[in-house]
There are 2 protein chains.
Amino acid sequence: MTRNAPSTEDKIKEAARKLFVEKGFGSATTRDIAECAETNVALVNYYFRSKENLFQAVFQESFAQTFVPIAGILNDDLPLEVKIYKFVDQITDLLKRAPMLPIFILSEMRGEHAPMCQAMQQAGAMQPADGFRKQLEEEAAKGHIRPVDARQVEANLMALVLFPFLGMNILKMKHQMSDEDFSKFVDERKKVVPETILAYLRSGLV
Amino acid sequence: MTRNAPSTEDKIKEAARKLFVEKGFGSATTRDIAECAETNVALVNYYFRSKENLFQAVFQESFAQTFVPIAGILNDDLPLEVKIYKFVDQITDLLKRAPMLPIFILSEMRGEHAPMCQAMQQAGAMQPADGFRKQLEEEAAKGHIRPVDARQVEANLMALVLFPFLGMNILKMKHQMSDEDFSKFVDERKKVVPETILAYLRSGLV
DNA sequence: CTTATTTTTAATCATTTGCTTAATGTTTGA
DNA sequence: TCAAACATTAAGCAAATGATTAAAAATAAG
């Protein structure tokens, strides 16, 4: 019982994902993609009408795969400390499976594709983590943590989790890391990052 | 007394910097660059021999401008707390003047240009922050902070300072920020980030 | 001034790139 | 079974792109 052979359309989309993520929109050609998908250029346009169209399809899936889970976990109904550990743990594991997605998304969200941002905002793909904000306010009211700007805390969390993947190449080189070393490094951050966030939230309490 | 008219070569390099940073290597064409520099394509190749060559020149300058100061400040001879505040303050101001540099550098350091990493490593453009590591060890020995992995602390610092610029577009959209709002946001981080780092370093002390 | 060198221009070449077309093969459903 | 819809292929087009050339213009040197 062999796995279902993927449809041509799916093979093209997967090839496109690989190449767009690896080289960026401008440097990946339709012929690259066709070859990588083991078909020809005509089929790429037959299924997706244009390179731009294909890119949109790939980008939106990638975006949903990366940034939607992030807001999701933050709005979960969990105790603050548990939530933060869960967030770091799950996002880290997600990114270990697709380490280039963040840099792909952020880098394509410039220049001619910058307007996509707005489009996706309106599509509701990016709801603010309102539950998280309220939770921080409640915990502060109870005196469990100090009063904070939720946007700053959220940015800190995202920064600490995403950055090692965004700067993976530089990081690996700077510290002469093998793939395995890097994997260990981000695993260690499953402790470091929550401790950092919680230390900030709890610092300066009377 | 008007400022020296920039040479054609410099006008081309500046135009290239603007367009490479804005659109990436693959999406910026030599004709774009020539037009933006108010010359013609032949001159681009006359001064730089090839698009790839021009890119290398621009990239290396941008890299030096961004990542060398970072390691520099960390190795300065300053008390830990002062150093951290200075680091965040200076790098933030630097990035406010060139907010797209980080995403440019990280995004171009993939695909066909990934080998540049190694080349720049060997050129010594990326010395590890050894002074910072020793300082952290000494402070830990004195009991002023807890024992830490310097690489993790350094990564945290870089992450917290760089990330808002890397994710500028998403951030501005998610929180409906104007340019001014964003500027305020990163200025507030001049307090938030050092407090976060220091809270971590001082947490769990007996 | 004259010659040599450097800089600039316009025209052009060879490829590449996104996309289309027309013909052929394959599947599906009535 | 047969036609209608779908899938695939090879060939090619027009525009864009990186690079070059040869000649003209500007600048520097003797």
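Within every chain, numbering begins at 1; the chains are lettered A, B, ... in the order of the sequence lines, protein sequences first and strands thereafter.
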Between [atom2] on [N] and [atom1] on [X], what's the gap in Å once rounded to a whole number?
{"X": "B:Arg49", "N": "C:dT7", "atom1": "CZ", "atom2": "P", "answer": "16 Å"}
{"X": "A:Phe20", "N": "C:dG18", "atom1": "CZ", "atom2": "C1'", "answer": "12 Å"}
{"X": "A:Glu35", "N": "C:dT16", "atom1": "CD", "atom2": "P", "answer": "13 Å"}
{"X": "B:Glu52", "N": "C:dT16", "atom1": "CD", "atom2": "P", "answer": "16 Å"}

### 4.5 Å side-chain heavy-atom contact, B:Arg151 and A:Met177
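Yes, at least one pair of side-chain atoms sits under 4.5 Å.
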### Geometric class of the B:Phe20/B:Phe25 ring pair [parallel <30°, tilted 30-60°, perpendicular >60°]
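The rings of B:Phe25 and B:Phe20 lie parallel, inter-plane angle below 30°.
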Mind listing the N/O atom pairs, protein and nucleotides 7-9 of chain D, below 3.5 Å?
unit_1: D:dA7; atom_1: OP2; unit_2: A:Tyr46; atom_2: OH; d: 3.2
unit_1: D:dT8; atom_1: OP1; unit_2: A:Thr8; atom_2: OG1; d: 2.9
unit_1: D:dT8; atom_1: OP2; unit_2: A:Thr8; atom_2: OG1; d: 3.2
unit_1: D:dT8; atom_1: OP2; unit_2: A:Tyr47; atom_2: OH; d: 2.8
unit_1: D:dT9; atom_1: OP2; unit_2: A:Asn40; atom_2: ND2; d: 3.2

### Task
State whether the number of non-hydrogen atoms from other residues, nucleotides or ligands found under 6.0 Å of B:Lys184 atom NZ is greater than 12.
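No, the 6.0 Å shell around NZ holds no more than 12 heavy atoms from other groups.
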Do [X] and [Y] pair up side chain to side chain, a donor and an acceptor below 3.5 Å, judged on atom types alone?
{"X": "A:Glu52", "Y": "A:Gln56", "result": "yes"}
{"X": "A:Arg189", "Y": "B:Asn156", "result": "yes"}
{"X": "A:Thr39", "Y": "A:Lys11", "result": "no"}

### Task
For B:Asn45, enumerate each residue passing the side-chain contact (heavy atoms from CB on, under 4.5 Å) test, keeping only those at least two apart in sequence or located in another chain.
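Checked B:Asn45 against side-chain contact (heavy atoms from CB on, under 4.5 Å); zero matches.
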Within the sub-3.5 Å range, which N or O atoms of nucleotides 22-25 of chain D have a protein N or O partner, and how far apart are they?
none

### Query
Ion pair present between A:Glu137 and A:Arg133, side-chain N to carboxylate O less than 4.0 angstrom?
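Salt bridge flag = yes for A:Arg133 with A:Glu137.
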### Query
By side-chain hydrogen bond (donor to acceptor under 3.5 Å, both in side chains), which residues pair with B:Asp179, not counting sequence neighbours?
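B:Asp179 satisfies side-chain hydrogen bond (donor to acceptor under 3.5 Å, both in side chains) with B:Lys172 only.
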Report, one pair per line, the protein and nucleotides 15-18 of chain D atoms (nitrogen or oxygen only) whose separation is under 3.5 Å.
unit_1: D:dG18; atom_1: OP1; unit_2: B:Lys51; atom_2: NZ; d: 2.8
unit_1: D:dG18; atom_1: OP2; unit_2: B:Thr30; atom_2: N; d: 2.8
unit_1: D:dG18; atom_1: OP2; unit_2: B:Thr30; atom_2: OG1; d: 2.9
unit_1: D:dG18; atom_1: N7; unit_2: B:Arg31; atom_2: NH1; d: 2.8
unit_1: D:dG18; atom_1: O6; unit_2: B:Arg31; atom_2: NH2; d: 3.1

Side-chain polar contacts of residues 192-202 of chain B - donor-acceptor pairs under 3.5 angstrom, sequence neighbours left out - could you list them?
unit_1: B:Glu195; atom_1: OE1; unit_2: A:Arg146; atom_2: NH1; d: 3.1
unit_1: B:Glu195; atom_1: OE1; unit_2: A:Arg146; atom_2: NH2; d: 3.0
unit_1: B:Thr196; atom_1: OG1; unit_2: B:Val192; atom_2: O; d: 2.7
unit_1: B:Arg202; atom_1: NH2; unit_2: B:Glu81; atom_2: OE1; d: 2.6

